[in-house]
Amino acid sequence: MSGMKNQASQVVSLNRLPVRQLRLLKQIGRLADERGMSVYLVGGVVRDLLLKRENWDLDLTVEKDGIAFAKLVADRYGAGLAVFERFATARLVFPDGLKIDIATTRRESYAQPALLPTVRLASIEEDLSRRDFTINAMAVQLNSGQFGRLLDPYGGQRDLRARTIRVLHKGSFQDDPTRIFRAIRFEQRFGFHLERTTLRLLAQAASTNLIQQLSGPRLQNEILLLLAERDPARAISRLAQLKLLRFLHNRLGYTPTVKRTVTAVPEAVAWWVRRFQGSVIDRPIVYLMALSSESSPAVVATMIRRLSLSREQAKRVGSGGCRVDRVLKKLTDQGIVRPSQAYRLLEGFSDEALVLFLAKQLGRQQGVGLRLLQRRLTAYMKNRTMKTSLTGRDLQAMGLQPGPQYKTILEKLLDACIDGVVTTEAEERAFVRKWLS
Ligand code: CTP
């Protein structure tokens with residue numbers, strides 16, 4: 001590529017990388033020298049080195065045959081190797097757990113928009129030219145004589161300085177509509193802006209049905225990555241502004257209420273993990289629930305299908321929606337709610353839904369309702385591990401005919417335990433007897 005040849009070579013310092021990674025990259029560069037191969041660090045890690053941001057996801061690319069080179073490295077260092085022939089890539093896992101992805105420099109042609117491309121081998125310059133944005137289309141050579149040499153044929157550094165997201169060519173979003181979401185992800189993460197033509201091309205691509213053609217798993221991946229960013233609320237606003245939420249469901253509105261709930265998610269999650277240490281919350285899923293928190297169960301169900309959520313994710317998200325409101329109303333009511341009533345109201349909701357309860361309430365008002373809710377959630381988390389001493393077998397031994405009433409009795413008994421009405425096994429027996437008579 002002529003632009004490349006005109007460039008004075010510039011050297012990037014890799015000293016920001018942890019010593020282990022840096023040493024390995026130097027060794028890999030020397031190994032490539034021995035084999036007469038060229039090897040480069042590419043993509044996000046180069047961008048982040050220049051931005052002085054931490055990112056130790058090492059993506060390498062090798063001219064001609066990345067897989068053969070990966071095998072060589074694996075042999076030399078006793079690393080585990082997984083090969084993905086179709087994409088001409090390999091993943092190495094070193095004995096100490098360090099992971100490196102190695103690809104072969106390639107060109108991609110898109111037989112059809114929005115589908116995965118077919119792959120042909122190419123030079124490093126061509127490899128960079130197929131990439132999404134200028135800031136992601138830089139490489140750093142690792143061969144020992146050239147260690148640290150920056151390849152930046154599309155003005156990636158210029159755009160980093162100008163804080164700009166810019167595509168390399170007009171058809172970029174058509175080739176790969178996931179880039180629409182990636183553009184927003186990077187824009188919001190770095191506080192950059194979309195370059196004018198890029199924004200126009202994005203809006204144009206978004207106004208067609210290209211995104212509809214994306215498979216569920218690919219759309220899901222982009223959406224969950226976006227929602228996994230540090231502050232997804234801004235990215236969600238941007239999605240709404242660019243009318244992109246309709247690709248999750250065309251009736252998904254970003255109303256002021258939804259926005260307040262979404263904005264309250266960080267505080268809700270923070271309270272939750274502080275209070276229930278050790279509990280793991282799937283934060284992107286909470287955001288997805290917040291986003292659909294005013295939607296009907298039918299809309300939520302369709303969104304779940306569109307995103308091909310796993311059964312586990314679907315269960316969590318499915319327990320959200322506007323159903324939550326009915327329960328929330330009772331839980332924030334100052335009238336008497338016995339602990340067992342709260343337990344029965346909340347059982348079956350995922351932890352993510354419980355965090356959503358909080359976010360909703362935080363988004364509405366602070367006040368008494370919030371304190372009541374927090375108290376009841378705390379009690380519920382304790383009560384849900386409670387068990388009765390008596391089991392079905394005990395009921396049988398007490399002379400009760402097996403049948404559906406077992407479930408009812410054991411539920412009543414558990415409620416009594418939760419409410420502190422019975423506290424010992426003897427009291428449990430007495431409770432059952434009394435209930436039977
Ligand atoms: N890439 C691309 N088009 C895509 C996805 C990826 O051109 N749709 C290229 C970019 O050069 C990108 C690299 O592949 O930098 C690696 O992709 P990925 O790991 O998804 O992105 P990162 O840039 O590393 O972003 P992050 O920091 O979010 O991991």
Side-chain angles (χ1 to χ4, degrees), residues 12 16-17 21 40-62 66 84 87-91 99-110 112-119 122-140 150-157 159-160 164-192 198 201-202 205-206 210-211 213-215 217-232 235 284:
V12 178
R16 288 184 53 78
L17 291 174
Q21 273 88 337
Y40 304 88
L41 197 58
V42 283
V45 63
V46 176
R47 173 199 70 217
D48 289 342
L49 273 168
L50 291 167
L51 283 174
K52 300 192 171 25
R53 284 174 72 101
E54 281 196 13
N55 175 356
W56 316 141
D57 277 345
L58 300 182
D59 281 323
L60 305 191
T61 188
V62 173
F84 310 98
F87 299 103
T89 59
R91 162 160 281 201
K99 295 187 186 74
I100 290 193
D101 288 320
I102 301 189
T104 309
T105 51
R106 61 181 194 250
R107 207 174 347 189
E108 290 174 346
S109 47
Y110 293 83
Q112 263 180 6
L115 293 186
L116 290 172
T118 42
V119 170
S123 67
I124 180 70
E125 290 81 5
E126 284 173 310
D127 184 284
L128 294 177
S129 77
R130 73 178 165 84
R131 292 177 183 262
D132 51 3
F133 309 113
T134 58
I135 60 167
N136 289 340
M138 293 181 275
V140 169
L150 179 72
L151 278 71
D152 177 17
Y154 300 103
Q157 285 194 98
D159 285 337
L160 281 181
T164 299
I165 310 289
R166 185 196 305 267
V167 285
L168 303 195
H169 61 91
K170 289 210 305 289
S172 188
F173 292 118
Q174 246 98 34
D175 282 351
D176 180 356
T178 64
R179 289 174 176 168
I180 293 173
F181 299 100
R182 290 175 63 85
I184 295 171
R185 180 147 61 89
F186 294 126
E187 179 194 47
Q188 298 304 320
R189 182 194 299 171
F190 301 133
F192 283 15
T198 301
L201 293 169
L202 184 150
L210 268 172
I211 297 177
Q213 293 169 33
L214 273 181
S215 71
R218 290 189 78 200
L219 183 61
Q220 179 205 123
N221 184 47
E222 288 312 319
I223 296 300
L224 292 186
L225 280 175
L226 201 74
L227 299 181
E229 289 287 318
R230 207 169 54 84
D231 179 15

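Indexing begins at 1, ligand by ligand and atom by atom, following the structure's order. Just the heavy atoms: all of them, side chains too, but no hydrogens, waters or symmetry mates, feed the values below.
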Completion exercise
Residues at least two apart in sequence or cross-chain that pass salt bridge (Lys or Arg N to Asp or Glu O under 4.0 Å) with D159, listed by chain then number, are R166

Problem - R16 to K52 - nearest heavy-atom pair and separation - result: NH2-O, 3.1 Å

Exercise for the section: Taking all heavy atoms of L51 and all of F192, pick out the closest pair and write down the distance. Expected result: CD2-CZ, 4.0 Å

Exercise for the section: Could you pull out all residues at least two apart from N221 that satisfy side chain to side chain contact (heavy atoms under 4.5 Å, CB included)? Expected result: L225

Handout entry: Neighbouring residues of ligand 1, heavy-atom cut-off under 4.0 Å
Key = G43, G44, R47, R131, D132, N136, D176, T178, R179, R182, R185, F186, R189

Practice task
Sequence neighbours left out, what passes ring pair (Phe, Tyr, Trp, His ring centres under 6.0 Å) with F186? Give chain and number order.
Solution key: none

Practice task
Please answer whether the main-chain N or O of V167 pairs with a side-chain N or O of T198 as donor and acceptor at a distance below 3.5 Å.
Solution key: yes

